Protein chains: 2
Amino acid sequence: MPEARRRPPGSTDVARLAGVSQKTVSRVINGEPYVSDEIRQRVLAAARELGYRRNTAARALNLGRFHRIGVASLGSSLYGPASMLIALERHAREVGYALSVVNTMEGDDTGVVNAVETLLEQGVDGIVISEPIVAEQELRIDASVPVLSFGPVAGLDAPQVITPGPSGVDAGREATEHLLRLGHATVRHVAGPSRWWAARDRVRGWREALAAAGAPEPPPLEGDWSPASGYAAGRVLAADREATAVFVANDDMAIGVLHALAEAGRAVPEDVSVVGMDDVPAAAYLSPPLTTVRQDFEAIIAHGLALLLERIEGGSRVAVHDTPVTHLVVRRSTSPPKEKR
Amino acid sequence: MPEARRRPPGSTDVARLAGVSQKTVSRVINGEPYVSDEIRQRVLAAARELGYRRNTAARALNLGRFHRIGVASLGSSLYGPASMLIALERHAREVGYALSVVNTMEGDDTGVVNAVETLLEQGVDGIVISEPIVAEQELRIDASVPVLSFGPVAGLDAPQVITPGPSGVDAGREATEHLLRLGHATVRHVAGPSRWWAARDRVRGWREALAAAGAPEPPPLEGDWSPASGYAAGRVLAADREATAVFVANDDMAIGVLHALAEAGRAVPEDVSVVGMDDVPAAAYLSPPLTTVRQDFEAIIAHGLALLLERIEGGSRVAVHDTPVTHLVVRRSTSPPKEKR
DNA sequence: CTGGGATATGACTACGTAGTCACGGAGTTG
DNA sequence: CAACTCCGTGACTACGTAGTCATATCCCAG
């Protein structure tokens, strides 16, 4: 009869087969010096034969480190968050860390802070809060590990909370400046939900650009990142003959805006210029193709993660501070305003 | 001076503070019976005071189980994969499992099989391959844990590879039947990359529907899921006056198709009807709003994960087999063909 | 009032890894 | 050739948890 499934082989089993001590196996596996070539080969052969994989639980227990970083995400399938997660995974893996993900569904009262708690219980050496929002409650959490957040997080009591500069401000400024340069008197804004710091940053960039140009600041509209909310905002804009230029806080909402404008018979870009943000793959294939601002998620993550690792590993690694940049992609949805009457 | 950071408190520390044995703390933490209420309260108070969190590494080492499942993903920010991941995380968390993610960037020669190996090294009790593709090489991996895959995976040698029925077939059939019912003589297809099983399933559903209706089967076009590839396919379709109906394997490509058709002056749906797949949030706000097929990711994942857990936990849990369904969403991009001349 | 089950608690131990230290031999230097 | 250093190896141990088994009460039935 088939045996009850036995435990996977350990370094002790490898040691026995290779005729060496367990410690020597450990040395070989970790590539430590002071092992003769002959023994090294014997151990590797034995390990291969047994299908040995080192037990990360035992390793973590011994070292007191998990070699794992956790991501507290909002769990949306939006392009931005999804891209962040992918970049995070890649960079974490590159520096030898595994990645845990915990989502906090939007509308969930538990919130980001609870996701952090869940990660801490799972065992991680560091935490990334990928889309920080304004904390809905004042739950105090004592995070015993460094936390990287792209915006302030209330209620979090961590030894080191790291917050790289918000690059969304640059993006908002760039989009707005582009429209102003084209000659528009001012620029409307369809913002993301104000609970999101990313949304606030874009508002700030938009404000700064208007102020710098001495343009009047019209009241911003607010959506929830969804095309549906963009559509609602678009209907408001379509009704306003003064509105000739809009900066929309993400491409999804911009799609809704475009649809509303088309429906109302307002031509883009002749009557209204539209700038989105994110440069989703579909942006170039809308009607008209959408001018938008692209963020370099790779650079943002690389930068932030380097800071985080510096804290985790006690400054042993050199942090490469390649400053994240934003990049305006001009397509056909923007143009100078029509001749003034 | 500040102490060197000391280890986090363990059950022993809690035990000392509460004046009980370490084992009793373990019992309280795990909610085991046979602990007096008074002691239970004392222990909980002590744990709270010290900020105790049980060490998962020690727990995993002791039990030989990680309470963690791993996802091998392709690392795209597409709507489908992103939604799968979110559903996975939610369901895993609900049954008390943590989630590890490893991506294998498309074009990476290492492939899915290597991602599986990485997960095994990280320590997981089960693995989900969320977007299986046809293995590019014959690397044999000995996965010592159950693997859930939504399609065959070559080169994987696992004790139990679980493959729930491919629901993409239903989706393809449903989309095609809808177009045929409207009166189109036949339906063109813009497929996903043939390396993806999801793409193949949709092709199969399309074929089956055509065959069942006795409609001729035109040669399918192939894209890579991206709007750009959809645009290329759309230009081909636009040049073909016989093409009056298209089923596109995902909404992103459908956006490209719509753009190409509009550019060529072919009206949708008057000249060409288009059906997409996924029901991305933007689908309802395209011009025209896109008829599409929605998959119930939640149900697909719930179903698959139940099967996986059954294997992991030895049939202790009751698997709820709520059969995944697809759902056609009819919008304005489809209509009967124009009157025959 | 006595045997026996249910209840409550603790002592001891295994889990697999890698750090610490100890030891023996080879080579090198004064 | 004595004193010393570098190399290669192994014995022993800690890490924190939960399983196993032993022990100590207590209550109730016979």
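Note that the structure is predicted; figures quoted are calculated from it, not measured.
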Whole-Å distance, B:D13 CG to D:dC15 C1', equals 12 Å
The nucleotide from D:dT17, C:dC15, D:dG16 with an atom nearest the side chain of A:L61 is D:dG16
In short, B:A92 meets B:L305 closest at the heavy-atom pair N-CD2, 3.7 Å
Taken to the nearest 0.5 Å, the spacing of B:R53 CZ from B:I29 CD1 works out to 12.0 Å
Here the distance between atom P of C:dT17 and atom NE2 of A:H67, to the nearest Å, is 14 Å
For C:dT17, does OP1 or OP2 lie under 4.0 Å from any side-chain N or O of A:R54? no
To the nearest angstrom, the CZ-P distance between B:F66 and D:dG16 comes to 18 Å
Interatomic distance, CD1@A:I127 vs CG@A:L148, rounded to 0.5 Å, equals 11.0 Å
Here the distance between atom P of D:dT17 and atom CZ of B:R7, to the nearest Å, is 12 Å
side-chain hydrogen bond (donor to acceptor under 3.5 Å, both in side chains) for B:Q122 and A:H67? Distances and angles first, verdict last. CA-CA 9 Å; B:Q122 289 183 12; A:H67 290 279; over 6 Å; no
Next on the checklist: Using a heavy-atom cut-off of 4.0 Å across all strands, would you classify B:L63 as base, sugar-phosphate, or nothing?
Outcome noted: sugar-phosphate
Between CD of A:Q122 and P of D:dG16 the distance, given in whole Å, is 20 Å
Rounded to the nearest 0.5 Å, the CG atom of B:L74 sits from the CG atom of B:L85 at a distance of 12.0 Å
In whole angstroms, the gap separating C1' of C:dA18 from CG of A:N62 amounts to 5 Å
All heavy atoms of B:A60 vs all of B:F66, minimum pair found to be CB-CD2, 4.0 Å
A:T12 side chain N/O closer than 4.0 Å to the phosphate oxygens (OP1, OP2) of C:dG16?
no
From CG of A:N55 across to P of C:dG16 the rounded distance in Å is 7 Å
Note to self: Check this one for me: any side-chain N or O of B:N30 less than 4.0 Å away from OP1 or OP2 of D:dA18?
What the structure shows: yes
Rounded to the nearest 0.5 angstrom, the CG-CZ distance for A:D37 and A:R42 is 12.5 Å
To the nearest angstrom, the CZ-P distance between B:R65 and D:dT17 comes to 18 Å
Under a 4.0 Å heavy-atom criterion, the protein footprint on nucleotides 8-13 of chain C, written with B, S and -, is BBBB--
